[in-house]
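Taking it in order: structure first as structure tokens, then the write-up.
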Amino acid sequence: MPISDVLLEQPEETSPELWQRFISAESEEEYFRHWLALQCHMIPMGIQAVLVTHQGDGPFTPIATWPGRGAEPARLAEVLKRVIEERCGLLLELENADHRFGIAYPLILDEQVPAIVAMEISATDEETLRQSMERLQWGVAWLEVLYRRQRAQAESATLSRLQAAVDLLAVTLGEEHFHAAAMSFVTELAAAADCDRVSLGFLQGSRIHIEAVSNSTEVGTKMNLTRAIASAMDEAILQRKELLYPPPPDTDVLIVHNHEKLSRQQNQAHIVSFPLFEEERYYGALTCERPADHPFSPRDVEFFRALLVLVTPALRAKELNDRPLPVKIKDSAATQFHRLFGPRYLGRKLIGTLLLGLVFFFSFAKGDYRLAAETSLEGAERRAVVAPFNSYIDLAPARAGDLVEQGALLCTLDDRDLRLERRSRISQRSQLQRQHQNAVAKYDRAQANIIEAQLDQAKAELELIEAQLQRTRLAAPFSGLLVSGDLSQRLGGAVEKGEVLFEITPLNAYRVILEVDERRICDVRTGQHGNLVLSAQPGTTYDFTISKVTPITTAANGRNFFRVEAQLAEVHAGLRPGMEGIGKILVDRRHLIAIWSRELIEYLRLWTWRWLP
């Protein structure tokens with residue numbers, strides 16, 4: 001704001017005249033000038049005065065002085081500097097002047113100092129100085145009234161513009177389709193901003209397409225006007241800046257040739273165009289027109305600028321949503337291609353490179369496809385030791401878990417009844433022998449033959465008893481491990497003929513039993529090789545070869561599996577029957593992606609087969 005060095009022509013003006021001039025001030029400059037004159041009139045000892053203001057972060061600038069001629073504001077520079085630093089009213093004695101003082105008081109609004117008034121007065125006593133400071137302090141209240149009124153007006157205007165912008169946004173969002181939303185927006189904006197015409201256009205390729213013109217349902221009926229508006233929009237987009245015609249005198253030099261042509265067609269109308277920007281590109285423009293006697297003010301331009309920031313994203317979203325599906329797919333693909341191969345978007349490029357590397361890797365990388373299954377060890381042979389006859393347990397030195405050698409005693413059966421019966425059979429045989437000798441001596445041939453037959457029967461029964469006595473001692477048929485049987489708690493207990501007392505298996509031959517899931521049994525063939533890791537020996541791997549695939553399923557733990565037998569390539573001393581672990585059968589070599597995705601692909605195939613007709 002320029003410095004006012006206006007001379008007060010009538011310093012002898014009366015107080016009512018000064019008040020009248022102050023109250024009837026029509027501009028901010030007049031308000032400050034007449035206020036300062038009135039303030040100096042109220043302080044009769046005043047010699048000169050200056051009012052300084054500043055806007056934002058700029059320096060303090062004199063806005064009014066008194067009297068206009070002969071004033072030396074530089075004499076008050078020191079007191080103004082002190083007030084700016086200390087932010088309070090001050091009184092200083094001026095140098096090189098007797099009984100001359102400088103008094104100053106700041107206007108403080110919301111911790112800001114927008115204005116300071118300073119005055120040079122002549123005083124010989126403290127009472128005059130005190131009264132002068134009080135009157136200066138009271139007078140600053142009028143400045144506060146002005147500033148608060150201006151702030152209230154600005155806030156009211158901002159609120160009105162905000163309300164208008166929200167109403168326009170609501171109107172735009174209330175329409176379902178893009179074209180209807182654009183028409184509603186420009187029509188309502190023309191009414192709200194008092195414009196003759198508002199036009200909205202979007203780039204289609206390299207040309208502007210006028211999408212909507214306020215209060216006009218058919219855009220293409222006036223072709224010359226449409227071309228002129230599109231040219232003005234192109235001019236704003238090419239220069240990437242809002243254009244106002246006629247241009248303000250203090251703006252940068254811009255090309256407004258197309259705006260000038262449009263203005264001449266519309267009787268020297270005032271025109272303003274705003275390019276629409278989104279995602280690093282300009283995609284459209286808004287052009288507003290007013291008659292020649294109604295120019296656009298800076299506040300109007302600010303309103304349009306804020307409105308576009310609020311509304312155009314909603315319009316853009318509706319435009320993108322109304323595109324046909326093939327166009328959406330094409331545009332999306334083009335956008336992703338540009339982001340992938342264009343500038344910036346480093347993260348996307350890194351991800352794309354990584355995915356390309358993964359595709360290349362999985363196209364050539366192969367690995368061993370191995371089928372995992374629950375595995376257990378069984379002895380190659382499992383021999384049962386059974387009770388040869390009904391008897392009772394006498395001794396049982398061995399039990400399950402013992403390692404026994406061939407012929408080692410496992411248990412003995414009670415033989416007392418057999419011994420008594422053996423004695424009885426021996427005595428019976430002796431009697432029959434004597435009877436046979438008597439019959440032979442008497443030449444009773446028939447009786448001799450009968451007794452001889454009885455002797456043969458007694459001999460056979462005696463041999464049977466002898467054999468049973470020998471079988472009362474049960475021994476290990478071969479060296480191995482007792483896998484079942486513990487008769488230590490049954491001493492003296494009865495056993496029946498054929499009852500299994502012990503089971504023994506050798507330690508030099510094993511069978512590997514794999515429980516192969518039914519979904520993978522088709523991959524298993526005899527002769528395939530694999531590896532086994534036992535839970536008891538996780539650090540050791542054993543090789544095996546598939547020897548038999550049993551074609552019968554077994555249900556356990558909620559799944560079906562086939563029993564597959566295999567032979568160990570080498571038997572180690574640390575192995576024991578019943579050990580469990582995980583076995584892996586080497587099926588073949590195939591692509592890694594096929595191995596890792598097989599279960600998912602099979603699941604999708606089954607799901608598709610189940611639900612598709």
query: Does Phe562 have any ring pair (Phe, Tyr, Trp, His ring centres under 6.0 Å) partners at least two apart in sequence or in another chain, and if so, which?
result: none
query: Atom CD1 of Ile108 and atom CD1 of Ile116: how far apart are they, to the nearest 0.5 Å?
result: 9.0 Å
query: Between Asp300 and Arg290, is there a side-chain N and carboxylate O pair less than 4.0 Å apart?
result: yes
message: Quick check: do Val213 and Thr226 have side-chain heavy atoms less than 4.5 Å from each other?
response: no
field: 4.5 Å side-chain heavy-atom contact, Phe296 and Cys195
entry: yes
- request: Could you tell me whether the side chain of Gln528 reaches within less than 4.5 Å of the side chain of Val524, counting heavy atoms only?
  value: yes
task: Output the distance between atom OH (Tyr147) and atom CD (Glu28), rounded to the nearest 0.5 Å.
output: 6.0 Å
- prompt: Does a salt bridge link Arg519 with Glu602, judged by any charged N lying under 4.0 Å from a carboxylate O?
  reply: no
Distance-minimising heavy-atom pair for Arg598 and Arg590: NH1-NH1, 3.7 Å
message: Please identify which of these residues, Val166, Val171, Leu169, Leu173, meets the side-chain contact (heavy atoms from CB on, under 4.5 Å) condition with Val311.
response: Leu169
- request: Could you walk me through whether Val516 and Ile521 pass the side chain to side chain contact (heavy atoms under 4.5 Å, CB included) test, one step at a time?
  value: CA-CA 6 Å; Val516 178; Ile521 193 61; 4.1 Å; yes
field: side chain to side chain contact (heavy atoms under 4.5 Å, CB included) between Leu377 and Leu532, intermediate numbers included
entry: CA-CA 10 Å; Leu377 286 182; Leu532 167 66; 4.2 Å; yes
- request: Please report the shortest heavy-atom distance between Leu262 and Ala232, naming the atom on each side.
  value: CD2-CB, 4.2 Å
- prompt: Any side-chain heavy atom of Leu225 sitting closer than 4.5 Å to one from Gln266?
  reply: yes
- prompt: So Phe274 and Phe304, would you call those rings parallel, tilted or perpendicular, with 30° and 60° as cut-offs?
  reply: tilted
query: Do Arg305 and Glu302 meet the salt-bridge criterion of a basic N to acidic O distance under 4.0 Å?
result: no
message: Restricting to non-hydrogen atoms, name the atom on His270 and the atom on Ala292 that form the minimum distance, rounded to 0.1 Å.
response: NE2-O, 3.0 Å
message: Surrounding NZ of Lys349 (heavy atoms of other residues, nucleotides or ligands, distance under 6.0 Å), is the total greater than 12?
response: yes
task: Quick one: pull up NZ in Lys318 and NE2 in His177 and give me the separation to the nearest 0.5 Å.
output: 9.0 Å
task: Start with the C-alpha gap between Met233 and Ile210, add the side-chain angles, then the distance that decides, and say whether side chain to side chain contact (heavy atoms under 4.5 Å, CB included) holds.
output: CA-CA 9 Å; Met233 292 181 177; Ile210 304 299; 3.6 Å; yes
query: Taking atom types as modelled and ignoring hydrogens, do the side chains of Glu235 and His259 form a donor-acceptor contact shorter than 3.5 angstrom?
result: yes
query: Quick one: which of Arg148, Glu144, Gln150 gives a side-chain contact (heavy atoms from CB on, under 4.5 Å) with Leu146?
result: Gln150
message: Are there over 12 heavy-atom neighbours, none belonging to Arg207, within less than 6.0 Å of that residue's CZ?
response: no
- prompt: Are side-chain heavy atoms of Leu276 and Leu315 found at a separation under 4.5 Å?
  reply: no
Glu176, CD atom: more than 12 neighbouring heavy atoms under 6.0 Å: no
- prompt: Say you draw a straight line from CD of Glu515 to OG1 of Thr554; how long is it, rounded to the nearest 0.5 Å?
  reply: 8.0 Å
query: What's the verdict on ring-ring contact (aromatic ring centres under 6.0 Å, His included) for His54 and Phe60, showing C-alpha distance, side-chain angles and the deciding distance?
result: CA-CA 5 Å; His54 83 121; Phe60 282 91; 4.3 Å; yes
- request: For Ser231 and Asn258, work out which heavy atoms get closest and say how close.
  value: O-ND2, 3.1 Å
query: Is atom NZ of Lys328 surrounded by more than 12 heavy atoms (other residues, nucleotides or ligands) closer than 6.0 Å?
result: yes
field: Pro62 versus Val50, closest heavy-atom pair with distance
entry: CB-CG2, 4.1 Å
query: Among Phe361, Phe362, Phe360, which one satisfies ring-ring contact (aromatic ring centres under 6.0 Å, His included) with Phe364?
result: Phe360
Check: Gln239 side chain, Val256 main-chain N or O, donor-acceptor pair, under 3.5 Å: no
- request: Measure the shortest side-chain to side-chain distance between Val512 and Glu565 over non-hydrogen atoms and say whether it is less than 4.5 angstrom.
  value: no
Donor-acceptor pair between Thr553 and Glu518 side chains, under 3.5 angstrom: no
Sidechain-backbone polar pair: Ser273 side chain, Leu243 backbone, donor-acceptor under 3.5 Å: no
- prompt: Under 4.5 Å between any side-chain heavy atoms of Phe32 and Val117, yes or no?
  reply: no
query: Atom OG1 of Thr375 and atom CG of Leu534: how far apart are they, to the nearest 0.5 Å?
result: 8.5 Å
- request: For Ile552, look at atom CD1 and say whether over 12 heavy atoms of other residues, nucleotides or ligands are found less than 6.0 Å away.
  value: no
message: For a quick test of reading the model, state the closest non-hydrogen atom pair linking Ser199 to Ile229 and the distance between them.
response: OG-CD1, 3.5 Å
task: With the side chain counted from C-beta on, respond yes when Asp368 and Lys584 share a heavy-atom pair under 4.5 Å apart, and no when they do not.
output: no
message: So that I can tick it off, tell me whether Arg323 and Glu319 are bridged by a salt bridge, with the cut-off set at under 4.0 angstrom between side-chain N and carboxylate O.
response: no
task: Hey, could you give me the CG/CG distance between Leu514 and Leu371, rounded to the nearest 0.5 Å?
output: 8.5 Å
- prompt: When the aromatic ring centroids of Tyr542 and Tyr510 are compared, is their separation below 6.0 Å?
  reply: no
task: Show your reasoning for whether side chain to side chain contact (heavy atoms under 4.5 Å, CB included) applies to Met183 and Glu175.
output: CA-CA 10 Å; Met183 285 298 302; Glu175 298 292 343; over 6 Å; no
task: Look at the side chain of Ser597 and the backbone N and O of Leu600, then say whether any donor-acceptor pair between them is shorter than 3.5 Å.
output: no
